[in-house]
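Please read the structure below before turning to the comments.
Owing to the predicted nature of the structure, the values given are computational and were not obtained by experimental measurement.
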Amino acid sequence: MPYETITSKLINSSYQITVKRDWKPDDILSFNAFDRLETNTKVLRDMFVSIQYSIPAQTYVMNRTMSYIDFLSGINRIEQNVEAIRAASFTPPGYPGFETWSIGKGFDYTDMNRLEEDIYLLFTTAEKIYESIVYCGTINCGYTRGALPLV
């Protein structure tokens, strides 16, 4: 599976992330991949805020180049941002969780797969949470038009 673009429409706004959930040992972890993770995290935060979750302010770095990659601090920032979103919202079933990185601890394709899965699960969960919101003055009896088979 190459990159997968997922779009969700919430509250008259579209949110979109791009994930890669099949990192392999020979894949190259480039500055673009880390910028994409940070962009996805920002979109994820914006999405949860739009459905009234109180997510703490976050810092993002999305200007890496071949000569500038902030490995340890960048990975920890991404991990902490994703974890803050999860802690302030909901833990999806199968959520792999986060890590704290220190000198000497290796980061590889399995960690990229875990981070991508964290973001993917939170994104799809936010969409499900939004779809389940019942607004004041509406009636929701569990029937969606076209959901029942005509016999």
For residues [X] and [Y], report the shortest heavy-atom separation together with the two atoms involved.
X	Y	answer
F123	Y15	CZ-O, 3.5 Å
I55	A88	CD1-CB, 3.6 Å
G94	L121	O-CD1, 3.6 Å

How far apart are the C-alpha atoms of N113 and E117, what are their side-chain angles, what is the distance that settles it, and do they pass the side chain to side chain contact (heavy atoms under 4.5 Å, CB included) test? CA-CA 6 Å; N113 283 325; E117 190 67 12; over 6 Å; no

Give a yes or no on whether [X] and [Y] share a hydrophobic cluster (residues Ile, Leu, Val, Met, Phe, Trp, Tyr; joining criterion: side-chain heavy atoms under 4.5 Å apart).
X	Y	value
Y60	F48	no
I75	I28	no
V19	M62	no

Geometric cation-pi criterion, R86 with F98: 6.0 Å, 45°: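 Judged by the rule (NZ or CZ under 6.0 Å from the ring centre, within 45° of its axis), R86 is not positioned above F98.
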
Indicate yes or no: at least one non-hydrogen side-chain atom of [X] is less than 4.5 angstrom from one of [Y].
X	Y	result
K20	M112	no
L115	F34	no
D111	R114	yes
S89	L122	yes
I85	Q58	yes
K24	D27	yes

So with a 6.0 Å cut-off around NZ of K105, is the heavy-atom count from everything else above 12?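 Atom NZ in K105 is crowded, with more than 12 foreign heavy atoms closer than 6.0 Å.
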
If only atom types and distance count, is the side chain of N81 paired as donor or acceptor with the main-chain N or O of T59 below 3.5 Å?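 Looks like yes, one N/O pair under 3.5 Å.
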
For the side chain of N76 and the backbone of T100, is there at least one donor-acceptor N/O pair under 3.5 Å apart?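 The answer is no, because no donor-acceptor pair under 3.5 Å joins these two groups.
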
Please work out which of the three classes, parallel, tilted or perpendicular, describes the rings of W23 and Y3, given edges at 30° and 60°.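 Taking W23 first and then Y3, their aromatic rings stand perpendicular (interplane angle over 60°).
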
side-chain contact (heavy atoms from CB on, under 4.5 Å), paired with N40, selected from V82, D118, I78, I119: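 So, applying the side-chain contact (heavy atoms from CB on, under 4.5 Å) to N40 and each of V82, D118, I78, I119, only I119 qualifies.
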
Between E116 and R21 (salt bridge meaning N to carboxylate O under 4.0 Å), is one present in this structure?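 A salt bridge is absent here (no side-chain N lies under 4.0 Å from a carboxylate O).
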
